[in-house]
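Structure, as structure tokens:
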Amino acid sequence: MPLADNLAQVRERIDALDAQIVVLLAERGRYVKDAARFKRDAFQVSAPQRQQEVIDKVKRLAEETGAYPEVVEACYRALIAGFIAREQQHHQDMIDIDEGQP
């Protein structure tokens with residue numbers, strides 16, 4: 001079943017989806033930043049067990065919704081790596097602030 005009448009429409013709809021995805025990524029990022037305050041060290045920030053739980057969950061969601069599981073997994077592995085790097089920085093910034101206070 002076609003989703004659009006032409007390539008221009010396909011691209012327009014993909015662009016609209018990309019805009020929604022970026023908004024959701026920004027929201028996810030705000031939660032990642034907030035999570036840093038609950039973690040004591042870098043290992044808790046990286047949380048390997050939680051990473052695997054997220055990967056397993058999104059792969060199941062992909063299969064349930066008709067998304068390509070291998071694409072979803074690859075995207076989430078990249079997302080998680082990027083967000084962990086940012087969360088590590090937020091966590092380190094909080095440690096630096098705490099150490100600077102009397």
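Everything numeric in this text was worked out from a predicted model, so none of it was measured.
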Where is the tightest heavy-atom contact between [X] and [Y], given as atom of each residue plus distance?
X	Y	result
Arg28	Phe83	NH1-CD1, 3.2 Å
Pro69	Glu63	CG-CG, 3.6 Å
Gln51	Ile84	NE2-CD1, 3.1 Å

Hydrophobic clustering (ILVMFWY, side-chain heavy atoms < 4.5 Å, transitive) - are [Y] and [X] grouped together?
X	Y	value
Leu25	Val32	yes
Ile14	Tyr68	no
Tyr76	Ile21	yes

Worksheet item: CG of Asp56 to CD of Gln52: how many Å apart, nearest 0.5 Å?
Response: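 One gets 4.5 Å once the value is rounded to the nearest 0.5 Å.
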Worksheet item: In Å, rounded to the nearest 0.5 Å, how long is the span from CG of Leu17 to CD of Glu12?
Response: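 It comes to 11.0 Å.
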Worksheet item: Do Val54 and Leu79 come close enough that some side-chain heavy atom pair is under 4.5 Å?
Response: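 Side-chain contact under 4.5 Å: no.
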Fill in: Residue pair Val23, Gln20: steps toward the side-chain contact (heavy atoms from CB on, under 4.5 Å) verdict
CA-CA 5 Å; Val23 168; Gln20 293 174 35; 5.7 Å; no
Discussion item. Tell me whether Glu73 is salt-bridged to Arg77, with the criterion being a basic N under 4.0 Å from an acidic carboxylate O.
Written reply: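 Judged by the 4.0 Å cut-off on N to carboxylate O distance, Glu73 and Arg77 do form a salt bridge.
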Does [X] have more than 12 heavy atoms from other residues, nucleotides or ligands lying within 6.0 Å of its [atom1]?
X	atom1	result
Glu70	CD	yes
Leu3	CG	no
Arg13	CZ	yes

Worksheet entry | From CA spacing to verdict: side-chain contact (heavy atoms from CB on, under 4.5 Å), Lys39, Glu87 | CA-CA 10 Å; Lys39 299 178 181 179; Glu87 188 177 357; 2.9 Å; yes
Worksheet item: Is Gln88 reaching over with its side chain to a backbone N or O of Ala42, donor-acceptor style, under 3.5 angstrom?
Response: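 Yes: the side chain of Gln88 pairs with the backbone of Ala42.
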